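Below you'll find the structure, written out as structure tokens, and then a few comments.
What you see is a predicted model; the values in this text were computed from it and never measured. Computation of the quantities below employed the complete heavy-atom set of this structure, encompassing side-chain atoms and omitting hydrogens, waters and symmetry-equivalent molecules.
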Amino acid sequence: MHSILLKVKINTTPEQLYGALTTEPGLSNWWTKAEMDNEKTHFLFGPEGSHRVTMQRLASEPCKEVRWQCIDGPWADKGEFSFSLEQVE
């Protein structure tokens, strides 16, 4: 399986970034409309949310790490999506 590593510096705190990756309003503000149901999140794309992708949060450690797995949709066979968060000066 292929891996892609992308490092991005974002002018925010680890707490705010963690919220952007783990809450319905946070995810909806930076990506697309999101609806959360326990540990599953449904991302709605296209007109009227006609295209749906379901992700399941595998693990998270507040302000440090978030790991997602697509369980339904076009990325279901792509493996894990992980985010490592760290404060940089």
For this session: Might you point out which heavy atoms bring A76 and Q69 nearest each other, and give the distance in Å?
Result: O-NE2, 3.8 Å
Exercise. Looking only at heavy atoms, which two atoms of R57 and W68 are closest? And how far apart?
Worked result: N-CE3, 3.6 Å
Mind checking what makes side-chain contact (heavy atoms from CB on, under 4.5 Å) contact with [X], not counting sequence neighbours?
{"X": "E86", "result": "V88"}
{"X": "E65", "result": "R67"}
{"X": "K33", "result": "E35, L44"}
{"X": "A34", "result": "L27, S28, T41, F43"}

Exercise. Tell me the salt bridge (Lys or Arg N to Asp or Glu O under 4.0 Å) pairs involving residues 15-32, sequence neighbours left out?
Worked result: none
Group every Ile, Leu, Val, Met, Phe, Trp and Tyr by side-chain heavy-atom contacts under 4.5 Å, then state whether [X] and [Y] land in the same group.
{"X": "I71", "Y": "L21", "value": "no"}
{"X": "F83", "Y": "L5", "value": "no"}
{"X": "I10", "Y": "L85", "value": "yes"}

Roughly how far, to the nearest 0.5 Å, is the [atom2] atom of [Y] from the [atom1] atom of [X]?
{"X": "T12", "Y": "Y18", "atom1": "OG1", "atom2": "OH", "result": "15.0 Å"}
{"X": "M55", "Y": "E80", "atom1": "CE", "atom2": "CD", "result": "9.5 Å"}
{"X": "T32", "Y": "R52", "atom1": "OG1", "atom2": "CZ", "result": "12.0 Å"}

For this session: Not counting sequence neighbours, which residues clear side chain to side chain donor-acceptor pair (under 3.5 Å) with T54? List them please.
Result: H42
Problem set entry | Q87 vs C63 side-chain heavy atoms within contact, under 4.5 Å | no
